[in-house]
Amino acid sequence: MLSVIVSMFVFLLVAAITPGPVNIISTSSGATYGFARTLPHATGASAAYCLICLLAGMGLSGLLLAYPVFLMGLKYLGGGFLLYMAWRIARARPMSQLENDSAARPPKFLEGFLTQGLNPKAWLAALSGASLYVAAHEPSETYLVIYVGMAFAICFFSIASWAGMGRILQGMLTNARQSAIFNSVMGGLLTVTVIMMLVGN
């Protein structure tokens with residue numbers, strides 16, 4: 001069992017900590033709003049991934065194979081939502097200009113949940129992990145509990161780490177122009193990520 005758990009850990013860490021839409025948003029939020037104010041986003045995204053892993057481990061892959069239109073719809077719905085988030089990131093102003101702006105706010109729990117829940121990368125990773133580490137081992141219920149719990153912890157750690165990196169970058173963005181450039185670059189990176197997702201197979 002230990003070798004399976006170690007392999008599961010490595011798989012989940014690589015899937016969660018590599019660059020992707022959720023981590024790009026977390027970095028941008030950390031740089032604009034700070035580490036602590038980005039944690040609701042990290043919690044929401046981690047909760048969504050935990051739910052996706054649970055559904056995958058309970059046999060959702062068979063349903064998706066029977067109805068591939070679901071993943072296709074998820075791809076375009078998720079792409080639209082992520083493009084909206086990219087637009088918000090690109091338009092974000094530096095923290096020094098946000099203190100008296102009640103409309104400016106970091107991404108919340110629900111936005112983190114939706115960003116991850118509509119992220120095809122998260123679904124594909126969860127389905128792959130469930131087939132490798134849950135369905136292939138007995139008792140599958142025990143492995144599913146370990147898989148889901150580990151998924152939440154690793155996902156939260158990974159997203160929070162990107163938020164922490166953003167917070168470090170915040171100290172280097174010493175004026176409004178630098179912050180505007182950074183936000184435009186992060187919004188552009190997220191847009192490119194979405195376009196690659198939409199045109200990919």
Do [X] and [Y] belong to the same hydrophobic cluster, where Ile, Leu, Val, Met, Phe, Trp and Tyr are linked whenever their side-chain heavy atoms lie under 4.5 Å apart, directly or via other members?
X: Y147; Y: M150; answer: yes
X: L77; Y: I25; answer: yes
X: F182; Y: M85; answer: yes
X: I159; Y: L114; answer: no
X: I24; Y: V185; answer: yes

### Message
Holding to ring pair (Phe, Tyr, Trp, His ring centres under 6.0 Å), I want the full list of residues that pass it with F152, two or more places apart in sequence or in another chain.
### Response
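If we apply the ring pair (Phe, Tyr, Trp, His ring centres under 6.0 Å) test to F152, skipping adjacent residues, there are no hits.
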Rounded at 0.5 Å granularity, tell me how far [atom1] in [X] sits from [atom2] in [Y].
X: I89; Y: L189; atom1: CD1; atom2: CG; result: 9.5 Å
X: Q116; Y: W123; atom1: CD; atom2: CH2; result: 11.0 Å
X: R88; Y: E111; atom1: CZ; atom2: CD; result: 4.5 Å
X: L83; Y: L190; atom1: CG; atom2: CG; result: 7.5 Å

### Message
Using every non-hydrogen atom in the two residues, find where G30 and Q170 come nearest and quote the distance to one decimal.
### Response
O-NE2, 3.9 Å
### Task
Kindly give the heavy-atom pair with the smallest separation between A86 and T191, and that separation in Å.
CB-OG1, 3.4 Å
Using a 3.5 Å cut-off and no angle test, enumerate the donor-acceptor pairs between side-chain atoms of residues 44-56 and protein atoms at least two apart in sequence or in another chain.
{"residue": "S46", "atom": "OG", "partner": "A42", "partner atom": "O", "Å": "2.7"}
{"residue": "S46", "atom": "OG", "partner": "F156", "partner atom": "N", "Å": "3.1"}

### Neighbour count above 12 (heavy atom, 6.0 Å) for M58 CE
no
Using atom types as modelled, flag every donor-acceptor pair under 3.5 Å from a side chain in residues 4-22 to any protein atom, sequence neighbours excluded.
{"residue": "S7", "atom": "OG", "partner": "Y133", "partner atom": "OH", "Å": "2.9"}
{"residue": "T18", "atom": "OG1", "partner": "V14", "partner atom": "O", "Å": "2.9"}
{"residue": "T18", "atom": "OG1", "partner": "K121", "partner atom": "NZ", "Å": "3.4"}

### Task
List in chain and number order the residues that pass side chain to side chain donor-acceptor pair (under 3.5 Å) with S26, two or more places apart in sequence or in another chain; answer none if no residue qualifies.
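Result, side chain to side chain donor-acceptor pair (under 3.5 Å) vs S26: none returned.
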### Qualifying residues under side chain to side chain donor-acceptor pair (under 3.5 Å), relative to T38, sequence neighbours excluded
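So T38 forms a side chain to side chain donor-acceptor pair (under 3.5 Å) with S29.
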### Set of side-chain contact (heavy atoms from CB on, under 4.5 Å) partners for I168, sequence neighbours left out
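If we apply the side-chain contact (heavy atoms from CB on, under 4.5 Å) test to I168, skipping adjacent residues, the hits are M172.
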### Message
What I'd like to find out is whether the side chain of T115 reaches to under 4.5 Å of the side chain of P107, using heavy atoms alone.
### Response
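Of all side-chain heavy-atom pairs linking P107 with T115, none is under 4.5 Å.
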